[in-house]
Amino acid sequence: MRIGIGYDVHRLVEGRPLILGGVSVPHQRGLLGHSDADVLVHSIMDAMLGALALGDIGKHFPDTEAAYKDVSSLKLLERVKTLCLGKGYIIANIDAVIIAERPKLAPYIQAMRENIADVLAVPAELVSVKATTTEGLGFCGSGEGVAAQAVILLAQV
């Protein structure tokens with residue numbers, strides 16, 4: 001068994017869609033990044049890579065590569081899954097949390113779980129996604145950005 005932790009944060013800006021867990025969440029601002037800036041999926045990928053001591057997503061998908069410009073993070077998650085399988089590991093479970101003051105995310109959580117589970121080819125019951133606020137504190141609380149953390153347990157095949 002291997003355990004990994006991931007963390008990601010992106011700034012909220014005008015003119016970008018807000019994509020979380022592969023779901024387009026209605027909001028007046030979206031996350032700034034080279035890809036779709038999906039902090040939830042990025043934190044999960046970093047947890048997977050960390051569990052196997054393979055570096056981070058910046059190493060595998062650098063923001064200097066045109067091929068990753070505006071790419072869906074779910075496509076990148078598929079590649080990380082392939083790396084994990086190649087090392088002989090499968091997902092035992094994922095626990096993730098999105099940290100954002102707004103918008104309220106409860107209506108979208110199940111779709112996020114299903115998107116992630118579909119890409120990873122695991123039952124949605126193995127993918128936990130939660131959302132919390134920071135009670136108005138810090139960059140998330142002021143609405144400047146969104147963060148996500150994930151913990152993953154990988155089991156050897």
Side-chain angles (χ1 to χ4, degrees), residues 3-51 54-81 84 91 93-120 122-154:
I3 298 170
I5 186 169
Y7 176 79
D8 195 38
V9 61
H10 284 275
R11 179 180 301 276
L12 282 164
V13 296
E14 301 285 334
R16 294 268 304 184
L18 179 58
I19 308 295
L20 295 168
V23 175
S24 183
V25 177
H27 194 53
Q28 65 271 23
R29 295 182 293 156
L31 295 170
L32 180 63
H34 188 67
S35 67
D36 63 5
D38 187 331
V39 293
L40 174 59
V41 174
H42 290 187
S43 69
I44 291 169
M45 289 189 294
D46 265 347
M48 294 168 72
L49 292 166
L54 294 175
D56 62 20
I57 61 172
K59 175 182 174 182
H60 293 269
F61 311 109
D63 63 7
T64 55
E65 291 288 328
Y68 305 127
K69 178 73 174 140
D70 296 324
V71 70
S72 167
S73 293
L74 292 176
K75 289 184 180 186
L76 303 179
L77 181 62
E78 175 74 37
R79 289 179 159 180
V80 174
K81 176 189 85 171
C84 283
I91 286 86
N93 81 296
I94 297 169
D95 188 20
V97 61
I98 304 164
I99 304 127
E101 206 69 24
R102 289 176 256 0
K104 295 300 181 194
L105 297 173
Y108 310 100
I109 296 289
Q110 186 60 32
M112 294 176 197
R113 291 177 64 215
E114 290 171 4
N115 285 346
I116 294 162
D118 285 348
V119 170
L120 296 176
V122 300
E125 294 77 32
L126 298 182
V127 179
S128 171
V129 174
K130 306 172 300 288
T132 192
T133 70
T134 60
E135 302 295 328
L137 299 173
F139 68 88
C140 290
S142 68
E144 294 176 67
V146 176
Q149 294 179 333
V151 176
I152 191 161
L153 178 65
L154 300 178

Subject >> Asp46/Lys59 salt bridge by N-O under 4.0 Å criterion >> reply: no

Original post:
Backbone N or O of Gly136 within a donor-acceptor pair of the Glu101 side chain at under 3.5 Å?
Top reply: yes

**OP:** Start with the C-alpha gap between Thr133 and Ile99, add the side-chain angles, then the distance that decides, and say whether side-chain contact (heavy atoms from CB on, under 4.5 Å) holds.
**Re:** CA-CA 6 Å; Thr133 70; Ile99 304 127; over 6 Å; no

Original post:
Does a donor on one side chain and an acceptor on the other come within less than 3.5 Å for His42 and Asp8?
Top reply: yes

**OP:** Please answer whether the main-chain N or O of Ala124 pairs with a side-chain N or O of Arg113 as donor and acceptor at a distance below 3.5 Å.
**Re:** yes

**OP:** Provide the closest heavy-atom pair for Leu32 versus His10 in the form atom of the first, atom of the second, distance.
**Re:** O-ND1, 2.7 Å

**OP:** Identify the heavy atoms of Tyr68 and Pro62 that sit nearest to each other, and give their distance.
**Re:** CD1-O, 3.5 Å

Original post:
Minimum heavy-atom separation for Glu14 to Gln28, with atom names?
Top reply: OE1-O, 3.5 Å

Original post:
With sequence neighbours left out, what residues match Arg29 under salt bridge (charged side-chain N to carboxylate O under 4.0 Å, His left out)?
Top reply: none

Subject >> Over all atoms of both residues, closest heavy-atom pair of Gly22 and Val41 >> reply: N-CG2, 4.4 Å

Original post:
Mind checking whether Thr132 and Ile98 have side chains closer than 4.5 Å, heavy atoms only?
Top reply: no

Subject >> Greater than 12 external heavy atoms within 6.0 Å of Ile3's CD1 >> reply: no

Subject >> Gap between atom CD1 of Ile94 and atom CG of Leu40 - 0.5 Å precision >> reply: 9.0 Å

Original post:
More than 12 non-hydrogen atoms from neighbouring residues, nucleotides or ligands closer than 6.0 Å to CZ on Arg16, yes or no?
Top reply: yes

**OP:** Of all the heavy-atom pairs spanning Ala150 and Ala47, show the shortest one and how long it is.
**Re:** O-CB, 3.8 Å

Subject >> Approximate separation, where rounding is to 0.5 Å, of Ser72 OG and Asp36 CG >> reply: 5.0 Å

Subject >> Reported SG-to-CG distance for the pair Cys84 and Leu120, which is rounded to 0.5 angstrom >> reply: 8.5 Å

Original post:
About how many Å separate CZ of Arg79 and CE of Met45, when rounded to the nearest 0.5 Å?
Top reply: 10.5 Å

Original post:
Got more than 12 heavy atoms from elsewhere within 6.0 Å of NZ, Lys104?
Top reply: no

Subject >> Separation between CE of Met112 and NZ of Lys130, rounded to the nearest 0.5 Å >> reply: 13.0 Å

**OP:** Test Val71 against Phe61 for side-chain contact (heavy atoms from CB on, under 4.5 Å), laying out the working first.
**Re:** CA-CA 10 Å; Val71 70; Phe61 311 109; over 6 Å; no

**OP:** May I ask you to decide whether Glu78 forms a salt bridge with Lys75, counting only side-chain N to carboxylate O separations under 4.0 Å?
**Re:** no

Subject >> Smallest separation among heavy atoms of Leu12 and His27, with atom names >> reply: CD2-CD2, 4.5 Å

Original post:
Heavy atoms, side chains only, cut-off 4.5 Å: are Ile19 and Ser73 in contact?
Top reply: no

Original post:
Is the backbone N or O of Leu76 less than 3.5 Å from a side-chain atom of His60, with the two atoms forming a donor-acceptor pair by type?
Top reply: no

Subject >> Interatomic spacing from CG in Leu74 to CD1 in Ile44 - rounded to 0.5 Å >> reply: 9.5 Å

**OP:** Please tell me if the side chains of Leu31 and Asp38 come closer than 4.5 Å, counting only heavy atoms from C-beta onward.
**Re:** no

